[in-house]
4 protein chains.
Amino acid sequence: MTRARTGDTGDEPVPQRLLRVATRLFAERGFEVTSVQQIVDEAGVTKGAMYHYFGSKDDLLSEIYGRVLRVQMARMEEAANSTGPVWQRLHSVAADVVATTVANLDDTVIFFRSMHLLHPDKQTEVRAERRRYHERVRELIAEGQRTGVFRDDKPADLVVDYFFGAVHHLGTWFNNEGELSGERVGEHFADLLLDSLRP
Amino acid sequence: MTRARTGDTGDEPVPQRLLRVATRLFAERGFEVTSVQQIVDEAGVTKGAMYHYFGSKDDLLSEIYGRVLRVQMARMEEAANSTGPVWQRLHSVAADVVATTVANLDDTVIFFRSMHLLHPDKQTEVRAERRRYHERVRELIAEGQRTGVFRDDKPADLVVDYFFGAVHHLGTWFNNEGELSGERVGEHFADLLLDSLRP
Amino acid sequence: MTRARTGDTGDEPVPQRLLRVATRLFAERGFEVTSVQQIVDEAGVTKGAMYHYFGSKDDLLSEIYGRVLRVQMARMEEAANSTGPVWQRLHSVAADVVATTVANLDDTVIFFRSMHLLHPDKQTEVRAERRRYHERVRELIAEGQRTGVFRDDKPADLVVDYFFGAVHHLGTWFNNEGELSGERVGEHFADLLLDSLRP
Amino acid sequence: MTRARTGDTGDEPVPQRLLRVATRLFAERGFEVTSVQQIVDEAGVTKGAMYHYFGSKDDLLSEIYGRVLRVQMARMEEAANSTGPVWQRLHSVAADVVATTVANLDDTVIFFRSMHLLHPDKQTEVRAERRRYHERVRELIAEGQRTGVFRDDKPADLVVDYFFGAVHHLGTWFNNEGELSGERVGEHFADLLLDSLRP
DNA sequence: TATGAATGAGGTTTCATTCAT
DNA sequence: AATGAATGAAACCTCATTCAT
């Protein structure tokens, strides 16, 4: 006799199931307001099972952060290292980061809302990884500024923070049921960025 | 014998002192992770005193939200209703919202990190107020689009979300000890916005 | 309406009551095997009340250790500093330490059974205090050896460990309902010690 | 690929290895504070393996008690049944019990610290065995008292408890790296006992 | 003979809040 | 206007043990 399980999708392994459920609940209700009991109930396992795979509730959060960073970094590297003129590469990166963010909106919501709840060490690690990410885009902009393709009266750093701010807040308003797709929003955002960089 | 009080500034009334301390702690550590005990300890009062002035811990958070909304709305109305061409008014609003945000950075950090912890009714209220704010800026952009001053191939709504996203993330990276002042960042951000709207 | 309380002795304050109940239970069943719930149930308070006065279950144990050390040290100093020939003072100390131990048998049982469960810092502190105690008695013996009253072919240190070992194990066999009183056992033990020290 | 194992001594069978590791950990940290996971990790086996050989964690403790009792009883019988005057036999028994105790110090530490954690039935059994042990020594003393070799103004029972107390506390202070060997301490203790029994 | 995922009961602790004073 | 002892619900986590393989 198998127990009925909410969100049971066939044979999805327990750790993945827990992570999936936790991600949804953390995004919907908030990390601290979601109890371990709620997570395991929705995942259809017991607390003991969860603690068999994850050392703590914090570990779940850490794992989500790790996953986000891996995914985003991989996508970005790909776009940034493509060939073509710098404006095209930047446009591509910008549009892609929006699409990726929208495709993993729960992760993004959690990311910026709950960073302060991570263990300080993990926080440092996450920040370092984000800085690498940020830096990679800054280089693109600086390259365009050096070659005269982009205006150079705005610090490249500031432009990155400006654009990523816009991206990171997608979680606040973007609606998957809305009329604009993630890709469409990506195009618009990339256009706005590129146009604001015209010399 | 009076107890030593952190941040004791002479005769600041108890409610104000509690609100000030709570704002700092919520921004530094997070709302859920800050206990009422910590707040009253740092404010140099007892729990009974706090519950005399505030009905609950949530009330403190609500109060902070109310304050933020009042301040930002007032500043914005002023800038938006000034005279001058629409691009100038938008530039002024944009620069000002950045400066105001930076001047109340703790509030902003709390705002976007802890909204989901408010009582649903209060959340609805806050969202409505923000929508009015958002709408006021959207009108400015639409006005510019109608009069041909701004490009009209980008939904005004989207542009507002784009720009406010950048503003709301200031709390993540802006550093008061850094080399750029809030006003300077406001100028840069407003420039970037206006330039991205060129037809 | 006052709640019925097991072990309610009139107006004994809550902290004392908790400590008294905890001491009994720790001695009867063991520290780790006694739950906080059992303690507060028997003391007639809630868990919250206990944590209002004691930071943790470990704190209860620490407090018991502190009390034991204070009591024993005070009694011993008094006996050791009395006047009279050295053999008389040693006899008096020896008899007294037995009587005190028997009078606080629960404390003694806990002391030697649960020391390893204390926080390492507290353990260090307890050990240091015991060493002072041990040292005070060693001096008495050494004094007797120097003056030729006691044999000197046995290290004074070893004699102290020998005798205190006997005392500390009283908890294993001494029975308050038995035919020998604590004072009587103290006399016997002191006699045995003194006689084994005859030159 | 085989896992690294702490204390792996070639082909020591699994049950012995588990018992050896458990003994060390129980003595170092305490029974209740040592988890089955720690034991099997250090022994380089899995939990399943442990439960294959031992019915429960308690069984490990029981086994240790059984081993201690067998060893000590055997040694003592031998010494007590030797020929020679009673004072010589008692001296021999006393010295030997110290040496045996020191040679199995971990066992002794566990014995007196964790007896209360045994299953009541096992406790009864252990106590009965100890009583037989105790009784055997008491008889020696009584024999000496009857024959006028020992003083008879001290209950033989009490003398046994006195001496065994000293022995059982060796675990508290005896240090194998110290300057006195177990045999040497045994001689001293036996001397002190015999001398305190002089008429 | 051995694995290790999973259980489930129970443990300690935290904390917003109340209330007699 | 303020105290602080006390509540009680709920949180996170541990762990000996079982069982299908």
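Note on naming: letters A, B, ... go to the chains in the order of the sequence lines (proteins, then strands), and numbering restarts at 1 for each one.
- Closest non-hydrogen pair, C:Tyr53 versus C:Pro15, comes out as CD2-CG, 3.5 Å.
- Between A:Tyr51 and F:dT14 there is no side-chain N or O to OP1 or OP2 distance below 4.0 Å.
- Looking at B:Tyr65 and B:Asp107, their side chains never come closer than 4.5 Å, going by heavy atoms from C-beta outward.
- Mapping B:Gly55 and C:Glu32 onto DNA chain E via the closest heavy atom, the residue that lands nearer the 5' end is C:Glu32.
- Among E:dA16, E:dT13, F:dC13, the nucleotide with an atom closest to any side-chain atom of B:Val36 is E:dA16.
- Rounding to whole angstrom units, CG of residue C:Leu18 and C1' of F:dA5 are separated by 13 Å.
- Nucleotide E:dT17 holds its P atom 8 Å from the NZ atom of B:Lys57, rounded to whole Å.
- The CG atom of B:Asp41 sits 13 Å away from the C1' atom of E:dC15 (whole-angstrom rounding).
- With hydrogens and angles ignored, a donor-acceptor pair under 3.5 angstrom links the side chain of D:Lys47 to the base of F:dT17.
- Using Watson-Crick or G-U wobble geometry with both donor-acceptor distances under 3.5 Å, F:dA16 finds its partner in E:dT7.
- One finds a salt bridge joining C:Glu42 and C:Arg29 here, because a Lys/Arg side-chain nitrogen approaches an Asp/Glu carboxylate oxygen to under 4.0 Å.
- Where C:Gly48 and A:Gly48 meet DNA chain F, the nucleotide closest to each residue was compared, and C:Gly48 sits on the side nearer the 5' end.
- Between the CE atom of B:Met50 and the C1' atom of E:dT18 there is a distance of 12 Å, rounded to whole Å.
- With a 3.5 Å ceiling on both atom-pair distances, the Watson-Crick or G-U wobble partner of E:dT21 is F:dA2.
- Applying the ring-ring contact (aromatic ring centres under 6.0 Å, His included) rule to pairs touching residues 30-49 of chain C yields C:Phe26-C:Phe31, sequence neighbours excluded.
- Contact between D:Val45 and D:Val14 at its shortest, heavy atoms only, is CG1-CG1, 4.1 Å.
- If you measure from atom CZ of A:Arg29 to atom P of F:dA10, you get 15 Å, rounded to the nearest angstrom.
- When distances are taken from the side chain of D:Val14 to each of E:dG4, E:dA2, E:dT13, the shortest belongs to E:dA2.
- Atom P of nucleotide E:dA16 and atom CG of B:Leu117 are separated by 13 Å, given to the nearest angstrom.
- If you take CG of B:Leu60 and C1' of E:dT17, they are 13 Å apart, rounded to a whole angstrom.
- Residue A:Tyr53 has no polar side-chain atom (N or O) positioned under 4.0 Å from OP1 or OP2 of E:dG4.
- Where D:Phe31 and A:Gln37 each meet DNA chain F at their nearest nucleotide, the meeting point lying more 5' is that of A:Gln37.
- With DNA chain E read from its 5' end, the first of the two nearest nucleotides for D:His52 and C:Asp58 is the one closest to D:His52.
- For the pair B:Arg17 CZ and F:dA1 C1', the interatomic distance rounds to 13 Å; values are reported in whole Å.
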